Each structure stands twice: as structure tokens, then as C-alpha cells.
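Proteins get letters first, then strands, A, B, ... in listed order; numbering begins at 1 in each. Because the structure is a prediction, the values reported are computed rather than measured.
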2 protein chains.
Amino acid sequence: MSRIPPSPRRPAGRPRRASAAATRPQAVALLAKTFRRDGYDGASLATLSQATGLGKSSLYHYFPGGKVEMAHAVLDFSVDAARRNVFSAVAAPGPPAERLRELLRRMELFFERGTSACILGRLSASVDRDQFREPLTRVFKAQTEAIARLLVEAGVPRPTARARAEDTVISLQGALVLSSGTGDPAPFQRMMARLRRDLLAPVKRTRR
Amino acid sequence: MSRIPPSPRRPAGRPRRASAAATRPQAVALLAKTFRRDGYDGASLATLSQATGLGKSSLYHYFPGGKVEMAHAVLDFSVDAARRNVFSAVAAPGPPAERLRELLRRMELFFERGTSACILGRLSASVDRDQFREPLTRVFKAQTEAIARLLVEAGVPRPTARARAEDTVISLQGALVLSSGTGDPAPFQRMMARLRRDLLAPVKRTRR
DNA sequence: GTCTATATTTTGATAGAC
DNA sequence: GTCTATCAAAATATAGAC
């Protein structure tokens with residue numbers, strides 16, 4: 001009697017093997033993609049192995065600390081990528097208003113117009129988030145300060161700039177939550193449009 | 001010879017047994033707390049069993065569909081709790097501006113001033129989020145519409161009200177992400193203060 | 001460095017006594 | 001309804017050949 005082996009549970013739309021990593025940096029990039037999609041708790045070593053095309057032993061060769069070390073490497077990698085590809089617009093030459101427009105444009109591309117999640121949000125939601133608390137705190141703060149700096153340059157008073165900058169980081173994370181949960185990138189896109197409209201709005205006089 | 005059994009790995013600060021559920025609704029409330037803290041992927045049956053004081057078999061008696069059914073029950077329960085304890089302020093008697101103030105006050109309490117997470121965000125970040133996509137979409141939309149309704153009543157033009165309402169839902173989720181990831185409730189509290197200040201701000205004339 | 005194979009623990013889930 | 005005992009599968013991780 002031939003038994004039909006039960007097909008392994010593989011979520012639809014997840015490629016068995018995206019490609020194969022030949023170097024550690026390549027592996028980190030593929031791990032990043034997987035952690036962003038599945039979250040830290042949701043990504044298993046089997047998933048990560050498939051995504052990188054590396055056997056588990058190879059993964060442990062590159063990351064002796066296992067999953068936690070992989071996530072830390074991914075976090076470093078992603079933060080660096082965001083700095084180079086997005087936040088570099090802050091210190092670019094040109095008028096502040098144009099740099100802000102460019103920053104927002106790159107942000108939108110970085111998150112694939114709302115179809116990709118953010119590793120910061122995923123790690124923040126993990127049950128082991130204490131493992132990542134320090135870098136997360138540092139990165140959220142750095143992003144806020146970078147945006148605030150640009151707003152100040154563009155003429156926004158410093159306290160307002162600080163508030164709007166934190167609001168931008170918060171809105172980014174929140175919009176990605178909604179777009180991830182609903183499977184609809186529209187909330188992210190509308191949020192980006194709102195930022196473009198409001199970030200440089202003149203400051204209202206305080207009531208007296 | 002007496003053997004010393006190895007103590008099971010239990011994350012610090014997680015109570016072995018919060019209390020004991022005698023009824024299904026009580027169980028759901030305790031499950032909700034656990035899913036909010038650990039996320040869907042991060043909460044194991046062992047965790048959920050400890051949190052409710054029920055054995056796994058009892059859990060399966062109440063929730064034959066296992067973890068997914070538990071999460072759906074928790075989602076229903078939490079949405080109902082939010083409706084009764086928070087959003088009921090929208091339809092209360094009194095001037096709209098006061099109702100809005102009350103809505104925000106209750107929101108802040110509901111999330112324990114930023115020390116508690118939201119089940120919507122946690123499920124949105126889960127690897128099995130497709131399981132919850134429809135209710136999540138429905139709930140995010142309902143929340144947005146409720147807030148928009150109140151803003152319109154308070155005199156905000158409908159398109160602006162809609163945008164500000166979605167921005168409120170997004171900011172709520174985003175602030176909870178930051179507060180969860182950094183372990184610091186301050187971002188949530190500052191965000192709430194910003195909402196109080198800005199939600200009823202006069203609409204800027206569009207440039208022409 | 002990568003593989004196959006395996007060890008060990010934990011997972012989600014069930015059986016069956018009470 | 002709840003428990004103890006148990007299952008098969010999947011989890012993280014390691015051993016050792018090549």
C-alpha cells in the first residue's frame with residue numbers, strides 16, 4: 001500500500017527558495033526580507049533557510065548566535081540601508097523643502113508604496129522585543145532627530161519640528177500596521193500624501 | 001537519589017498563572033491580555049494555558065479550533081470592549097468637543113497610558129495575518145468612521161474629518177509600536193497630547 | 001563553507017480516565 | 001469540564017563528513 005505523504009504546510013505565495021546567498025551580506029539581505037514579511041516570531045529557521053538557500057548549518061556558521069543574532073544583523077543592515085537610501089536626503093545639497101520632498105519620496109519607495117513592512121515594527125511586536133530594545137530606541141530617536149533637523153532648516157520652529165518629526169515616525173509605523181493587517185497599501189499612501197501636505201504647514205499662533 | 005528537575009524557561013516578569021478562568025468569557029479576557037503582550041506568533045499554548053489557569057484540553061474544549069479560534073474570540077471580545085469603553089463616547093450626549101475629549105481620555109486609559117499593546121496591531125503583525133484580514137479591515141474602518149462622525153459633528157468639514165480620523169487610527173497604532181519597542185510609554189502619551197491639540201484645529205484654506 | 005543527519009525541546013493538538 | 005498522558009510535527013540547535 002502506498003501512503004500519500006502529507007504535503008508540508010507552506011503558506012501560499014511564499015517561494016520555496018527566493019535565490020541563493022553566496023556571501024554573508026547577501027544572506028543578511030534575504031533574511032531581512034523574510035523577517036520583514038513574517039516577523040521575528042513568525043520566521044522559523046526552516047523559513048530562513050529556504051529564503052537564503054542556505055542549510056541551517058550554513059546559517060549557524062554565519063550567525064553562531066542563531067535567530068537572535070540573525071535579527072540583530074538584519075537590524076543593522078536595514079538601518080544602514082535606510083540611512084543610505086532614505087535619510088541621506090536630509091543632508092543633501094539643495095533647498096530644505098526640496099530635500100523633504102525627496103526624503104518622503106524615498107521613504108515611500110523604501111517601503112514599496114506600502115506593500116512592505118518595517119523591520120523596526122516587526123521586532124517591536126516580537127515576544128522577545130527586550131532583546132532589541134536598545135537598538136530600537138536608538139534608531140527611532142535618530143530618525144526623529146534627522147527629520148526634525150530638516151524641518152528646522154525649512155523654517156519650522158524647533159519644538160514644532162520635534163513634535164512633527166516624532167509624529168512622522170509614528171505615522172510611518174502606524175500606516176504600515178494598517179496596510180499589513182488589511183493587505184491594502186492605500187492607508188500608507190494616504191498617510192504619505194498627508195505628510196507631504198502638512199509637514200511644512202505654517203505654525204498656528206498659540207492662543208493667549 | 002532525588003533528581004532536581006530543570007526549571008522551565010519562563011521569561012522574567014511573566015506570571016506563572018495570572019489567575020484561573022472559571023467561564024469562557026473570563027478565559028477570553030485572560031487570553032486577550034496574553035495575545036496583546038506576546039503577539040499571536042509569540043503566544044504558545046503553554047503560555048496561554050498558564051495565563052488562563054486552564055489545561056490545554058480545557059482550552060480545546062472552549063476553542064475546538066485551537067489558537068486561531070482563540071485569537072478570533074479575543075478579537076471579538078476586544079472590539080466589543082473598545083466599543084463599550086471607548087467609542088461609546090462618540091454617541092454620548094453633550095457637545096461634540098467634550099465628547100472628543102472624553103473619547104481621547106478613554107483611549108488613553110484603554111491602552112493603559114501606553115504600557116499595553118493593541119490586539120489589532122499584534123494580529124496585523126502576525127505571520128498568519130491573512131486569517132484575520134477581514135475583521136481587521138472592518139474594525140479599522142469602523143473606528144475611522146466613528147471618529148470622523150464626531151469630528152464632522154464638531155464642525156470639521158467631512159473630507160478633513162475623514163483624513164484626520166484615519167490619521168488618528170494610524171497614529172494610535174504607530175505610537176503603540178514605538179512604546180512597545182522602546183519599552184517607554186512616553187511616545188504614546190505625547191501622541192495623545194498632539195491629538196488633543198490638533199484634531200479640532202481650524203482647517204487651513206487651500207491655496208488657489 | 002556547505003551538506004546530511006541527528007539531537008533535543010517545544011509546539012499544536014488529541015485520547016481517554018474521572 | 002478538567003485532568004494526565006501522549007502524539008506527531010516542527011522548533012532550535014549541533015555533530016561530523018566532505
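One atom, CG of A/Leu45, and another, C1' of C/dT10, lie 13 Å apart when rounded to the nearest Å. Straight-line distance from the NE2 atom of A/His61 to the C1' atom of D/dA13: 16 Å, rounded to whole Å. As rounded to whole Å, 9 Å separates atom C1' of D/dT14 from atom OH of A/Tyr60. Atom-to-atom, NZ of A/Lys56 to C1' of C/dT9 comes out at 13 Å; the value is rounded to the nearest Å. Rounded to an integer number of Å, the gap from CG of B/Leu54 to P of C/dG12 is 16 Å. A straight line from CG of B/Leu59 to C1' of D/dT2 spans 11 Å, rounded to a whole angstrom. For the pair B/Arg24 CZ and D/dG1 P, the interatomic distance rounds to 12 Å; values are reported in whole Å.
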Between protein and nucleic acid, restricted to nucleotides 16-18 of chain D and to nitrogen or oxygen atoms under 3.5 Å apart, what atom pairs and distances do you find?
none

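Among all heavy-atom pairs drawn from A/Leu45 and A/Leu59, the shortest one is O-CD1, 4.4 Å.
In summary, A/Arg36 and A/Glu112 do not engage in a salt bridge, as defined by a charged side-chain N under 4.0 Å from a carboxylate O.
The aromatic rings of A/Phe188 and A/Phe111 lie perpendicular to each other, with more than 60° between the two planes, well past the 30° mark.
Among the protein residues, B/Ala43 comes within range of the sugar-phosphate backbone only, with heavy atoms under 4.0 Å from sugar or phosphate atoms but none that close to a base.
Looking at the side chain of A/Ala46, the nearest of the listed nucleotides C/dT11, D/dC3, D/dA11 is D/dA11.
For residues 63-78 of chain B, proximity to DNA chain C is found at B/Gly66, B/Lys67, defined as any non-hydrogen atom under 4.0 angstrom from a strand atom.
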